[in-house]
Amino acid sequence: MIIRGKVDRLIGEIIVPGDKSISHRSIMIGSIAEGDTLISGILMSEDVKRTVEAFKKMGVNIKEEGDKVYIEGVGIKGLKRPNSIIDCGNSGTTMRLLSGILVGQEFSAILIGDESLTYRPMDRIIIPLREMGAFIQGKEDRYPPLVTKSVDKLKGINYKLPVASAQVKSAILLATLYAEGQTRIIERRVTRDHTERMLNYLGYPVVNKKGQIYVNPKGTLTGKNVYIPGDISSAAYFIVAAILIKGSNIVIKNVGINPTRTGIIKVLKKMGANIRVCNRKYINNEPVADVQVKYSKLKGTLIDGDIVGTLIDEIPIIAVAASLAEGTTIIEGAEELKYKESNRIVAISKELKKMGANVREQLDGMIIEGKSYLEPANLNSYNDHRIAMALSIAALRAEGESKIKGHECVNISYPNFYDTLFKLLS
Ligand code: S3P
């Protein structure tokens with residue numbers, strides 16, 4: 001993909017595709033609920049398709065029509081043994097959350113992934129699921145492929161999450177559907193709570209008391225209509241683009257503004273961004289709003305502590321904004337970035353440096369001295385969708401043509417990313 005820099009401005013109203021995390025959860029939880037679930041606004045990206053395929057393989061009737069999906073829920077005991085290996089592709093969410101469901105089944109399953117997923121840590125789910133009594137094994141007890149087998153019973157656990165990970169939390173929460181006794185999960189740092197919200201919405205009570213999450217396996221999941229709001233992680237690229245390009249003024253309609261995801265808005269506002277969140281509403285337990293963004297001058301800031309978990313996927317695009325802000329931005333406590341679809345600390349630092357940005361890689365983040373321009377360059381996406389999109393936005397501020405290698409990986413979370421970008425620029 002070639003991106004020409006020094007663009008005019010971004011003007012217009014857009015919608016971004018449905019939230020990826022909520023899309024995965026609606027397929028998984030809708031499949032094991034009693035009765036039908038109609039999902040509107042779903043994201044049909046490569047990652048979500050993996051989750052859909054997995055449940056189809058386990059006998060669930062799932063029909064797709066545009067951005068709507070109909071699921072005939074089979075109940076928590078109704079999944080069937082898949083007749084082949086389940087391929088999770090690039091999707092950590094599919095592999096980790098699905099494992100939580102599979103350990104409660106009366107059949108065995110094998111989960112594999114692509115090259116990138118094969119190197120992502122799975123001990124973080126293997127350890128707590130085994131503590132619940134599950135049979136789950138991985139390569140070297142750490143990596144995919146994963147194998148799950150039927151066990152007599154699972155039991156609730158008391159578990160302090162050693163890593164701030166919504167995927168680990170969710171794998172445990174989904175396994176509690178098949179367990180006896182109470183489970184308490186202690187989160188040291190806030191992570192996205194879409195699983196808790198969707199379980200509650202469909203009738204399975206999960207309570208969060210100041211970071212301690214309690215579940216008693218008592219409720220019944222009942223299928224309902226689910227509307228998926230726009231993904232704030234996808235909106236983030238256009239939010240930063242509008243801030244960075246003079247004269248821009250855009251509105252992004254119906255974006256999910258769950259407080260466990262809006263760290264990007266808080267940080268950009270603190271940096272001086274002109275962002276207005278309006279038309280707030282609540283749809284199936286998730287807050288939604290329109291977000292208006294205008295060109296703004298940014299100042300450097302410190303990003304650390306609890307906010308990090310609420311903007312973890314946005315750090316590559318925040319690094320782009322910081323590279324063009326006045327002053328220094330320090331990002332700390334983000335070591336989790338090393339375990340994403342690529343090592344995102346290395347990937348974004350290296351590529352932004354090619355554009356002349358002043359970025360210093362740290363073990364748990366980055367130190368970025370902002371400057372007023374970037375240079376065009378030959379850039380590598382590392383086949384990581386979030387790196388490809390962040391670099392595409394950076395390239396808009398470079399005078400000349402930048403090339404993004406492997407830009408097709410945007411299909412993982414945002415198949416129409418470039419169409420929307422070029423529409424806003426025309
Ligand atoms: C996700 C949680 C986050 C995030 C990922 C999606 C989810 O990962 O980075 O893109 O849907 O639960 P971790 O929970 O592993 O940090």
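Atoms within each ligand, like the ligands themselves, are counted from 1 in listed order.
Residue Ile312 places no N or O, backbone or side chain, under 3.5 Å from any N or O of ligand 1. Taking only nitrogen or oxygen atoms, main chain and side chain alike, Arg386 does not reach within less than 3.5 Å of ligand 1.
Side-chain rings of His385 and Phe417 stay apart, their centers remaining 6.0 Å or farther from each other.
Looking at atom 14 (O) of ligand 1, its nearest protein heavy atom turns out to be Ala166 N, 2.7 Å. Among protein heavy atoms, the minimum distance from atom 12 (O) of ligand 1 is reached at Arg25 NH2, 2.6 Å. Annotation: atom 1 (C) of ligand 1 to nearest protein heavy atom, Gln167 NE2, 3.4 Å. Nearest protein heavy-atom neighbour of atom 15 (O) of ligand 1: Ser165 OG, 3.1 Å.
No donor-acceptor contact under 3.5 angstrom links the side chains of Asp47 and Ser45, judged on distance only. Counted by atom type alone, Lys20 and Ser233 present zero donor-acceptor pairs between their side chains at under 3.5 Å.
At a heavy-atom distance under 4.0 Å, only side-chain atoms of Arg192, from C-beta outward, approach ligand 1. Only the side chain of Lys340 comes within contact range of ligand 1, with a heavy atom under 4.0 Å; no backbone atom does.
Around the CD1 atom of Ile112, the shell of radius 6.0 Å holds more than 12 heavy atoms that belong to other residues, nucleotides or ligands.
Rounding to the nearest 0.5 Å places CG of Asp114 at 4.5 Å from CG of Asn90.
Contact between Asp313 and ligand 1 is present, with at least one heavy atom of the residue lying under 4.0 Å from the ligand.
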